[in-house]
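Here's the structure, in structure tokens; my notes come after.
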Amino acid sequence: MKKRKLVRKLLSFLLTLAMVMGLMPGMNFTAYADTVNHLETNAGETSIQPLSATASKNTISKYGNVVLSLKCEDLLSKGYEYGDILSIRFLERSLELPLCSNFTDVDSGSPGIFAKKDQEYVMLAINMGDFATYYGIAQKQVDENNQVLWTMIADEEISVTISMKEKGGYYAEYLLHQLKYEDDRSAYPELTDEQFANFRAVTTTGMGKGVLYRSASPINPLHNRNTYADAAIRKAGVNVIMNLADDEATARGYEGFGNSYYSRQKFITLNLGIDFAAEDFQQGLSNGLRFFALNNGIYEIHCTEGKDRAGFVSAILECLMGASYDEVISDYMVTYYNYYGVTRGDERYQTIAESNIVKSLERAFAVENLKSADLAAEAEEYSKQIGLSDEEIALLKVNLEKHAETVTKQNPDGSITTTTTTTDSEGTKTTESETVKADGTVEKSTDTIKADGSTEKSTEKIMPNGASEKQTEIVSVDGSTNKITETTKPNGSSEKVTDITKPNGATIHEEVKTTAKGKETSQKIETSASGSVKITEQVKQPSGDHSKVVMDKTGKKTVAIKQTVTTAKNGKVTIPKTVNANGEKLKVTSLKKNFLKGSKTKPKKITINASNITKVAKGAFDYINKKAVIKIVADKKDYKRIQKLIKKSGVDKDIKIKRVK
């Protein structure tokens with residue numbers, strides 16, 4: 001019996017050694033355990049002593065990995081080796097887990113005990129899964145900032161016992177998982193810069209030409225691929241990006257982010273974990289796909305390596321657009337060539353695919369055999385299950401089936417211009433151009449002609465100090481126009497001016513100013529075809545307190561307060577003396593019925609600066625707190641006149657009216 005086990009392990013080792021010898025130059029296949037020790041040790045024959053450890057909510061990572069109080073070096077120094085199967089006991093559970101050096105040492109969705117080379121402490125984890133949730137250790141919550149919080153389900157601290165189950169019982173499989181890559185560009189002389197960045201266009205059936213790309217992170221310098229990926233997405237004209245790995249603060253905090261091409265594009269940060277079945281992953285992915293559906297452009301998907309999360313999401317979109325099983329596998333496995341040199345003829349090729357993307361998609365689609373499944377139908381159903389509507393899925397498909405052509409050229413002045421032209425299935429043609437000058441100034445332009453004849457043109461200039469200017473003009477089929485001017489200052493303050501002209505001659509003029517601290521002041525002037533004018537002024541504070549005043553123009557130089565709204569807790573309302581509209585100074589001369597009714601709570605403090613008031617409608621002060629105080633800023637003569645108008649309007653006799661100088 002012992003002899004058969006020894007022969008079987010020897011054959012496994014020789015098979016693995018032969019595979020190692022067949023690797024391409026420049027690629028690495030590394031085993032970390034001592035082969036001789038495992039070959040000479042029989043299962044069950046061990047005197048290795050059990051070990052104890054603890055874990056709490058503070059030692060659980062955002063991915064659900066449970067970090068133990070046991071150091072990796074202490075575990076390995078006691079005779080435990082990679083490839084052993086260990087018995088793990090906690091919370092009245094007993095698991096048999098392989099001891100591994102990395103998550104990829106087990107199949108996707110499989111658990112293990114990990115003593116990683118780059119970490120100090122041992123952890124219990126599931127490759128592409130959430131160990132803490134799955135095994136009932138803790139409950140996960142995600143706050144409004146996408147930060148993960150944990151609550152222990154049973155004890156605030158759990159005890160874990162580790163002992164040997166089978167020496168070398170997982171060793172042959174462990175060796176097959178030992179794929180290791182380098183972060184040094186020179187280690188891959190046979191790859192292009194784009195391959196080194198794991199960058200490529202998705203070209204499966206149904207996908208538009210040059211419309212969807214995937215890569216390693218263009219901003220995270222961890223694996224030295226970011227600058228190559230950033231150059232690649234610029235060359236491809238990518239302008240809509242799904243970042244699966246980071247939250248926004250982390251993304252913007254990477255060194256060099258502000259100078260990257262990436263930073264000037266539309267991007268969404270999802271900060272997703274690696275458990276594809278987790279509710280927060282699916283909710284985040286739903287937001288990412290919706291972002292693609294609602295933003296027309298050239299798309300890119302990335303995580304950190306562009307391997308697991310990006311591979312899964314790319315595969316979902318490939319299936320949705322009509323890709324075959326073989327196409328999905330082929331695109332997924334390009335990553336394993338770019339990182340590890342695994343080619344289609346490699347004996348590990350199919351094993352890797354089946355252990356990773358095939359298993360992941362079978363779980364996502366709830367099918368037993370991915371190869372025989374209707375992938376398009378399953379991907380569409382999956383998209384609905386995670387929260388997309390039929391309309392969003394249809395729009396996503398339209399965006400992904402269009403065709404794009406990108407041209408990059410070096411200009412005589414040293415600037416670089418990237419021009420991308422896209423044409424969708426409905427005939428809409430969009431030409432986008434970006435020029436990066438030597439001093440860092442960026443100039444953008446977009447020209448869209450829709451099949452129905454409507455057009456949209458915009459130009460944008462972004463200065464090195466962060467200031468920007470953007471102008472947009474939209475002309476509809478019916479002849480209406482929409483002109484928008486947006487400016488941003490280096491301190492972050494901004495101003496947006498919108499002018500809309502409708503076919504019947506009606507116009508809307510709106511100005512929105514936002515301070516560096518977030519206070520937003522806006523004025524909208526709506527002029528009907530008949531010439532009547534409505535003016536709306538709003539102030540939104542970062543604190544959440546907002547105010548709004550709606551006025552109707554009653555003459556050439558006068559307006560009436562139609563509605564005043566406040567969300568301030570103190571119920572304070574101020575009536576202005578004048579209002580400026582399009583450079584014209586207008587006097588406030590009248591207060592209409594229930595002009596205070598827009599507030600959620602009845603106002604307590606009303607200050608009237610309008611000494612011009614000549615009319616107060618009956619019921620003007622019906623919506624007012626019983627203990628309210630009305631202050632009138634005026635001289636004695638105007639005060640008495642306005643006080644009389646207010647009392648005549650039917651204000652409660654108990655309401656105090658005071659004069660303020």
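The chain is numbered in sequence order, starting from 1.
- Residues passing the ring pair (Phe, Tyr, Trp, His ring centres under 6.0 Å) test with Tyr299 are Phe292, sequence neighbours excluded.
- Shown here are the side chain to side chain contact (heavy atoms under 4.5 Å, CB included) partners of Arg234, two or more places apart in sequence or in another chain: Tyr261, Ile416, Thr418.
- At most 12 non-hydrogen atoms from other residues, nucleotides or ligands lie less than 6.0 angstrom from NZ of Lys57.
- Lys266 meets the side-chain hydrogen bond (donor to acceptor under 3.5 Å, both in side chains) test with Asn295; sequence neighbours excluded.
- Partners of Asp275 under the salt bridge (Lys or Arg N to Asp or Glu O under 4.0 Å) rule, at least two apart in sequence or in another chain, do not exist in this structure.
- Side-chain contact between Thr417 and Thr408: absent, with no pair of heavy atoms (C-beta onward) separated by less than 4.5 Å.
- When only modelled atom types and interatomic distance are considered, Thr133 and Gln139 share no side-chain donor-acceptor pair under 3.5 Å.
- In this model, no donor atom of one side chain and acceptor atom of the other lie less than 3.5 Å apart for Asn102 and Asp105.
- Panel note: side chain Glu392, backbone Leu396; no donor-acceptor pair is recorded below 3.5 Å.
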| message | As a quick check of understanding, evaluate salt bridge (charged side-chain N to carboxylate O under 4.0 Å, His left out) for Lys165 and Asp84, giving each step before the final call. | response | CA-CA 8 Å; Lys165 175 64 179 177; Asp84 293 342; over 6 Å; no
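- A donor-acceptor contact shorter than 3.5 Å links the side chain of Thr406 to the backbone of Ala236.
- Ser314 contributes a side-chain N or O that, together with a main-chain N or O of Ala310, makes up a donor-acceptor pair within less than 3.5 Å.
- Heavy atoms from other residues, nucleotides or ligands lying under 6.0 Å from CD of Glu405 number 12 at most.
- The side-chain hydrogen bond (donor to acceptor under 3.5 Å, both in side chains) search around Lys371 returns none, not counting sequence neighbours.
- Counting only heavy atoms from C-beta outward, the side chains of Glu318 and Val202 approach each other to under 4.5 Å.
- No side-chain donor from either of Asp326 and Ser324 sits under 3.5 Å from a side-chain acceptor of the other.
- Here Lys167 pairs with Glu81 in a salt bridge; the nearest charged N to carboxylate O distance falls below 4.0 Å.
- Scanning for salt bridge (Lys or Arg N to Asp or Glu O under 4.0 Å) contacts around Asp183 gives Arg225, with sequence neighbours left out.
- Between Tyr135 and Phe131, the distance from one ring center to the other falls under 6.0 angstrom.
- Tyr254 and Asn220 share a donor-acceptor pair across their side chains, judged by distance under 3.5 Å alone.
- Contacts of Lys444 classified as salt bridge (Lys or Arg N to Asp or Glu O under 4.0 Å), with partners at least two apart in sequence or in another chain: Glu434.
- Environment of CD in Gln283: sparse, with no more than 12 heavy atoms of neighbouring residues, nucleotides or ligands closer than 6.0 Å.
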| said: side chain to side chain donor-acceptor pair (under 3.5 Å), that's the test. Do Ser360 and Ser108 meet it? Break it down for me. | reply: CA-CA 7 Å; Ser360 295; Ser108 175; 3.3 Å; yes
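- Proximity of Phe103 to Asn65: side-chain heavy atoms (C-beta onward) are separated by under 4.5 Å at one or more points.
- Shown here are the ring pair (Phe, Tyr, Trp, His ring centres under 6.0 Å) partners of Tyr80, two or more places apart in sequence or in another chain: there are none.
- Ser263 contributes a side-chain N or O that, together with a main-chain N or O of Phe257, makes up a donor-acceptor pair within less than 3.5 Å.
- Using a 4.5 Å heavy-atom cutoff, the side chains of Tyr170 and Leu99 are not in contact.
- Side chains of Leu86 and Met164 form a contact here, defined as non-hydrogen atoms less than 4.5 Å apart.
- Classification of Asp193 and Arg185 as a salt-bridged pair holds, one side-chain N sitting under 4.0 Å from a carboxylate O.
- For the residue pair Asn198 / Asn338, a side-chain donor-acceptor distance below 3.5 Å is found, with atom types taken as modelled.
- Note: Glu401 CD to Leu212 CG = 13.5 Å, rounded to the nearest 0.5 Å.
- Proximity of a side-chain donor or acceptor of Arg93 to a complementary backbone N or O of Ile88 within less than 3.5 Å is not detected.
- Partner of Leu375 under the side-chain contact (heavy atoms from CB on, under 4.5 Å) criterion, chosen from Leu320, Leu361, Leu370: Leu370.
- Side-chain contact between Leu97 and Ile85 is absent, with no heavy atoms from C-beta onward closer than 4.5 Å.
- Residues Met123 and Ile113 form no side-chain contact, since every pair of their non-hydrogen atoms from C-beta on lies 4.5 Å or further apart.
- Evaluation of the side-chain hydrogen bond (donor to acceptor under 3.5 Å, both in side chains) rule for Ser355 yields Asp107 as partners, not counting sequence neighbours.
- Counting heavy-atom neighbours within 6.0 Å of Glu279 CD, excluding the residue itself, gives a total of 12 or less.
- By the salt bridge (Lys or Arg N to Asp or Glu O under 4.0 Å) test, Glu380 is found to be paired with Lys397, residues two or more places apart in sequence or in another chain being considered.
- Remark: Glu194 pairs with Thr192, Phe199, Ala232, Lys235 by the side chain to side chain contact (heavy atoms under 4.5 Å, CB included) rule, at least two apart or across chains.
- Relative ring orientation between Tyr340 and Tyr336 is described as tilted, the plane-to-plane angle lying within the 30° to 60° band.
- Residues passing the ring pair (Phe, Tyr, Trp, His ring centres under 6.0 Å) test with Phe196, sequence neighbours excluded: Tyr188, Tyr228.
- No donor-acceptor contact under 3.5 angstrom links the side chains of Tyr121 and Thr59, judged on distance only.
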| Derivation of the side chain to side chain donor-acceptor pair (under 3.5 Å) call for Thr250 and Asp247 | CA-CA 5 Å; Thr250 301; Asp247 57 43; 2.7 Å; yes
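- When side chains are defined from C-beta on, Met207 counts as touching Leu400, because their heavy atoms get closer than 4.5 Å.
- Aromatic pair Phe267/His302: ring centres not closer than 6.0 Å.
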